[in-house]
Amino acid sequence: MVRLKHRYATVEIVYGGKRHSDDSLTSKRIVEDLRRAVLAMHGDYGLGCVLRSLHVKYLNVQTGISIIRVSRDYTKILLSVLALLTKLNDVNCSVRVLHLGGTIRSCQRFLITHNRKALLRCLESAQSPAEKGKLVELIASLDSAAVKED
């Protein structure tokens with residue numbers, strides 16, 4: 001029996017230049033919108049290719065970050081759709097592919113480093129000592145999470 005291989009795309013959904021997400025967005029709604037976009041861009045063949053393997057494995061509506069699974073053979077179809085996608089949940093948006101990995105674990109590792117870099121940028125722009133202290137604690141918690149994972 002042959003093992004099915006997948007790819008996991010870590011994406012960021014940006015609404016109108018803002019990084020916050022729409023609170024009514026759900027995994028099911030993302031899959032429905034992606035299926036509609038695949039049908040419009042690649043027709044029945046493209047939809048048939050990705051229909052069984054397309055799945056949202058992780059969604060954080062506060063940050064707008066999501067991990068989407070698709071079969072390895074049809075990764076290019078998903079990436080082309082994500083690049084041209086302009087609406088999710090009937091709201092104008094753009095989708096940035098941050099990382100493409102073979103496992104969810106590699107996507108989680110990427111998200112830890114991505115979040116650490118974002119917190120360091122916030123730390124540079126923090127004004128009060130209380131803000132800086134809180135950000136230092138968050139960065140330390142990310143470092144401890146990365147150590148536990150390894």
Side-chain angles (χ1 to χ4, degrees), residues 3-127 131 134-135 137-146 148-149:
R3 192 178 122 223
L4 296 176
K5 296 184 180 181
H6 296 96
R7 289 291 178 253
Y8 298 88
T10 305
V11 298
E12 179 180 30
I13 303 165
V14 181
Y15 289 94
K18 301 174 186 171
R19 296 207 186 278
H20 65 83
S21 180
D22 183 15
D23 291 336
S24 64
L25 191 65
T26 62
S27 298
K28 187 176 183 178
R29 184 61 193 230
I30 290 175
V31 170
E32 289 172 4
D33 288 346
L34 285 174
R35 284 181 181 167
R36 253 188 252 114
V38 168
L39 181 62
M41 293 178 202
H42 295 283
D44 292 332
Y45 172 76
L47 183 61
C49 291
V50 301
L51 191 63
R52 292 188 63 133
S53 64
L54 188 65
H55 187 70
V56 175
K57 298 301 272 184
Y58 170 79
L59 173 65
N60 187 335
V61 293
Q62 282 79 28
T63 61
I65 294 196
S66 178
I67 297 176
I68 302 170
R69 181 189 78 182
V70 70
S71 177
R72 183 181 71 174
D73 297 332
Y74 306 112
T75 304
K76 289 184 180 180
I77 291 175
L78 176 69
L79 293 177
S80 68
V81 168
L82 289 173
L84 299 173
L85 194 65
T86 58
K87 279 193 175 200
L88 271 178
N89 207 15
D90 297 326
V91 178
N92 289 335
C93 69
S94 64
V95 179
R96 287 183 29 197
V97 178
L98 300 174
H99 178 74
L100 184 66
T103 63
I104 290 179
R105 183 172 287 192
S106 71
C107 292
Q108 289 171 337
R109 286 182 188 144
F110 170 79
L111 281 176
I112 289 172
T113 59
H114 176 74
N115 290 338
R116 184 181 301 126
K117 289 177 185 176
L119 286 172
L120 288 173
R121 283 192 302 268
C122 289
L123 182 62
E124 291 173 359
S125 65
Q127 309 236 337
E131 287 178 0
K134 194 178 284 189
L135 287 170
E137 289 176 15
L138 287 171
I139 293 169
S141 70
L142 281 176
D143 290 337
S144 65
K148 286 179 188 176
E149 187 178 297

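Both backbone and side-chain heavy atoms feed into the values below; hydrogens, waters and symmetry mates do not. Keep in mind that this is a model prediction, so the values were computed, not measured. One-based numbering along the sequence shown.
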Undergrad: Provide the closest heavy-atom pair for Ser53 versus Ser71 in the form atom of the first, atom of the second, distance.
TA: OG-N, 2.9 Å
Undergrad: Can you check whether Ile30 reaches Asn89 side chain to side chain, under 4.5 Å on heavy atoms?
TA: no
Undergrad: Any pair with a residue in residues 69-93 that passes salt bridge (Lys or Arg N to Asp or Glu O under 4.0 Å), sequence neighbours left out, goes on the list, sorted by first then second residue, please.
TA: Arg29-Asp90
Undergrad: Excluding sequence neighbours, so at least two apart, what forms side chain to side chain contact (heavy atoms under 4.5 Å, CB included) with Lys117?
TA: Arg121
Undergrad: Measure across Leu111 and Tyr58 and return the closest heavy-atom pair with its distance rounded to 0.1 Å.
TA: CD1-CE2, 4.2 Å
Undergrad: Measure across Leu25 and Val61 and return the closest heavy-atom pair with its distance rounded to 0.1 Å.
TA: O-CG1, 3.5 Å
Undergrad: Could you check whether any side-chain N or O of Asn60 sits under 3.5 Å from a backbone N or O of Gln62, counting only pairs where one atom can act as donor and the other as acceptor?
TA: yes
Undergrad: Side chain to side chain contact (heavy atoms under 4.5 Å, CB included), that's the test. Do Leu98 and Val11 meet it? Break it down for me.
TA: CA-CA 5 Å; Leu98 300 174; Val11 298; over 6 Å; no
Undergrad: Do the side chains of Leu34 and Val50 get nearer than 4.5 Å, heavy atoms only?
TA: no
Undergrad: Could you name each residue pair satisfying salt bridge (Lys or Arg N to Asp or Glu O under 4.0 Å) that touches residues 34-55, not counting sequence neighbours?
TA: Asp33-Arg36
Undergrad: Please list, chain by chain and in numerical order, all residues satisfying ring pair (Phe, Tyr, Trp, His ring centres under 6.0 Å) with Tyr74, sequence neighbours excluded.
TA: none
Undergrad: With a 4.5 Å cut-off on side-chain heavy atoms, are Thr86 and Asn92 touching?
TA: no
Undergrad: Is any side-chain heavy atom of His55 less than 4.5 Å from a side-chain heavy atom of Ile68?
TA: no
Undergrad: Checking Val14 against Val95 for the side chain to side chain contact (heavy atoms under 4.5 Å, CB included) test, could you report, in this order, the C-alpha distance in whole Å, the side-chain angles of both residues, the deciding distance, and whether it holds?
TA: CA-CA 6 Å; Val14 181; Val95 179; over 6 Å; no
Undergrad: Shortest non-hydrogen contact from Gly101 to Ser106?
TA: CA-OG, 3.7 Å
Undergrad: Using the test side chain to side chain contact (heavy atoms under 4.5 Å, CB included), find all partners of Leu120 that sit at least two apart in sequence or belong to another chain.
TA: Arg116, Leu123, Ile139
Undergrad: Heavy-atom distance under 4.5 Å between the side chains of Ile104 and Lys57, does that happen here?
TA: yes
Undergrad: For His6, enumerate each residue passing the side-chain hydrogen bond (donor to acceptor under 3.5 Å, both in side chains) test, keeping only those at least two apart in sequence or located in another chain.
TA: none
Undergrad: Ser80: what forms a side-chain hydrogen bond (donor to acceptor under 3.5 Å, both in side chains) with it, not counting sequence neighbours?
TA: His42
Undergrad: Of the non-hydrogen atoms in Leu88 and Ile13, which two are nearest, and what is the gap between them?
TA: CD1-CD1, 3.7 Å
Undergrad: With heavy-atom distances below 4.5 Å as the criterion, would you say the side chains of Ile77 and Val38 are in contact?
TA: yes
Undergrad: Could you check Thr10 against Val97 for side chain to side chain contact (heavy atoms under 4.5 Å, CB included), going step by step and ending with a plain yes or no?
TA: CA-CA 6 Å; Thr10 305; Val97 178; over 6 Å; no
Undergrad: Does the side chain of Tyr8 reach to within under 4.5 Å of the side chain of Leu100, using non-hydrogen atoms?
TA: no
Undergrad: Write out all pairs satisfying ring pair (Phe, Tyr, Trp, His ring centres under 6.0 Å) with one or both partners inside residues 75-108, taking only residues at least two apart or from two chains.
TA: His99-Phe110
Undergrad: For the pair Ser66 (side chain) and Leu59 (backbone), establish whether a donor and an acceptor sit closer than 3.5 Å, ignoring hydrogens and angles.
TA: no
